[in-house]
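Predicted, not measured: the structure shown is a model, and the values here were computed from it.
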Amino acid sequence: MARWFAEAAAGGDLAAAFNLGICLDRGLGVERDEQQAAHWLRRAAEGVAEAQYMYGRMLADGAVLHPTCQRRVPG
């Protein structure tokens, strides 16, 4: 299933990018990878409200870094 989402997401499908991010975040059908999950959720956040929330939580929780950051800031 994640493979289908990956193909569609690579083609610009934001809903597929969101679903791929979920699969990667939870390890559904693929090895769990928070960095890749964040990548796809960030891309999906351009048009999927739930992706905006999930990506924002990942940043707020310090699970991932925003691409423009060099290092985590203690919180």
Side-chain angles (χ1 to χ4, degrees):
M1 180 174 5
R3 181 178 50 114
W4 296 326
F5 291 142
E7 290 175 14
D13 185 314
L14 297 180
F18 172 71
N19 287 320
L20 179 57
I22 295 295
C23 288
L24 288 161
D25 185 53
R26 298 181 183 164
L28 301 172
V30 292
E31 187 173 331
R32 190 168 188 270
D33 185 334
E34 281 188 329
Q35 294 301 317
Q36 279 298 304
H39 167 81
W40 289 109
L41 288 171
R42 181 173 186 258
R43 186 177 284 184
E46 294 174 13
V48 178
E50 184 70 16
Q52 293 172 5
Y53 173 79
M54 291 186 68
Y55 182 64
R57 288 300 319 162
M58 291 175 103
L59 291 172
D61 293 344
V64 297
L65 294 176
H66 188 276
T68 61
C69 293
Q70 299 276 330
R71 60 187 169 87
R72 286 188 172 84
V73 178

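Under the rule for a salt bridge (Lys or Arg N to Asp or Glu O under 4.0 Å), the partners of E34 that lie at least two apart in sequence or sit in another chain are R32. Every residue meeting the side-chain contact (heavy atoms from CB on, under 4.5 Å) condition with A17, not counting sequence neighbours, appears here in chain and number order: A9, W40, A44. In this structure, the side-chain contact (heavy atoms from CB on, under 4.5 Å) partners of A8, at least two apart in sequence or on a different chain, are D13, A16.
To the nearest 0.5 Å, the span separating CE on M54 from CG on L59 amounts to 12.0 Å. Taken to the nearest 0.5 Å, the CZ atom of R57 stands 12.5 Å off from the CG atom of D25. Note that CG of N19 and CG of L28 are 10.5 Å apart. Values are rounded to the nearest 0.5 Å.
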Between F18 and R43, does the side-chain contact (heavy atoms from CB on, under 4.5 Å) criterion hold? Intermediate values first, please. CA-CA 8 Å; F18 172 71; R43 186 177 284 184; over 6 Å; no
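Side-chain contact check for E31 versus L24: every heavy-atom pair is 4.5 Å or farther apart.
Across every non-hydrogen atom of Q52 and A45, the tightest pair is NE2-O, 3.0 Å. The minimum heavy-atom distance linking L41 with A51 is given by the pair O-CB, 3.7 Å.
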